[in-house]
Amino acid sequence: MSLWSMDDWQYLERQVITDPKGRRWTVALMDVLGQVGDPDRPTASLELQYASGRYFTLVYSASGAMQRERGYVSLAEATRDYERLLADVFDGSLDPTQPVFRQDLDD
C-alpha cells in the first residue's frame, strides 16, 4: 500500500520553486471541487459549502509538509495570490519555513 502524497491531488497550477537558500518548495493552486469524485457541475448546496474558500493556494515541502494554505472565493483572486507566491518564494521575500494556515476556521 503506497502512502498518500500531496502530489496526488489535482491542481489547476503547480510549480516546484527553489528559494535563495536552495530549498525546494511546491507552490500550487487548487480547486477543491475539481478533485476526483466531485461532480463536473456541483450542486448549489455544494457551491455554498465552499463559498468561503473553493480555491486554495498552497506551499508545501518535498516531504509533503504543508507550510501555507489560504482559501479564496474567486479563481481570479486565488490566481493573483498563486503568482505572488511563486515570485515571493523564488526571491526569498516569503520564507515557507514559517507556516501560515487558514485563519477562518472555527475551533
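For this chain, numbers begin at 1 and follow the sequence in order. The basis for the numbers below is simple: all heavy atoms, side chains too, and nothing from hydrogens, waters or symmetry mates.
Listed for the Q67 side chain is a donor-acceptor partner under 3.5 Å among the backbone atoms of P96.
The shortest distance between side-chain heavy atoms of D19 and W25 falls below 4.5 Å. Using a 4.5 Å heavy-atom cutoff, the side chains of Y72 and L29 are not in contact. Looking at E69 and F56, their side chains come closer than 4.5 Å, going by heavy atoms from C-beta outward. Using a 4.5 Å heavy-atom cutoff, the side chains of M30 and Q10 are not in contact. Using a 4.5 Å heavy-atom cutoff, the side chains of L94 and L85 are in contact.
Under the rule for a salt bridge (Lys or Arg N to Asp or Glu O under 4.0 Å), R24 has no partner lying at least two apart in sequence or in another chain. Qualifying salt bridge (Lys or Arg N to Asp or Glu O under 4.0 Å) partners for R80, counting only residues two or more places apart in sequence or in other chains: none. The side chain to side chain donor-acceptor pair (under 3.5 Å) search around S63 returns S61, not counting sequence neighbours. Every salt bridge (Lys or Arg N to Asp or Glu O under 4.0 Å) that D81 has, sequence neighbours left out, goes to R68, R84. With sequence neighbours left out, the side chain to side chain donor-acceptor pair (under 3.5 Å) criterion links Y11 to no other residue. Residues satisfying the salt bridge (Lys or Arg N to Asp or Glu O under 4.0 Å) criterion with D91, sequence neighbours excluded, are absent altogether.
A chain of hydrophobic side-chain contacts below 4.5 Å, direct or via other Ile, Leu, Val, Met, Phe, Trp or Tyr residues, connects L75 to L86.
Note that OH of Y55 is 4.5 Å distant from CG of D31, once rounded to the nearest 0.5 Å.
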CA sep, side-chain torsions, deciding dist, call: D7, R14, side-chain contact (heavy atoms from CB on, under 4.5 Å):
CA-CA 9 Å; D7 293 330; R14 181 177 61 179; 3.2 Å; yes
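Among all heavy-atom pairs drawn from Q15 and Y82, the shortest one is CG-OH, 3.6 Å.
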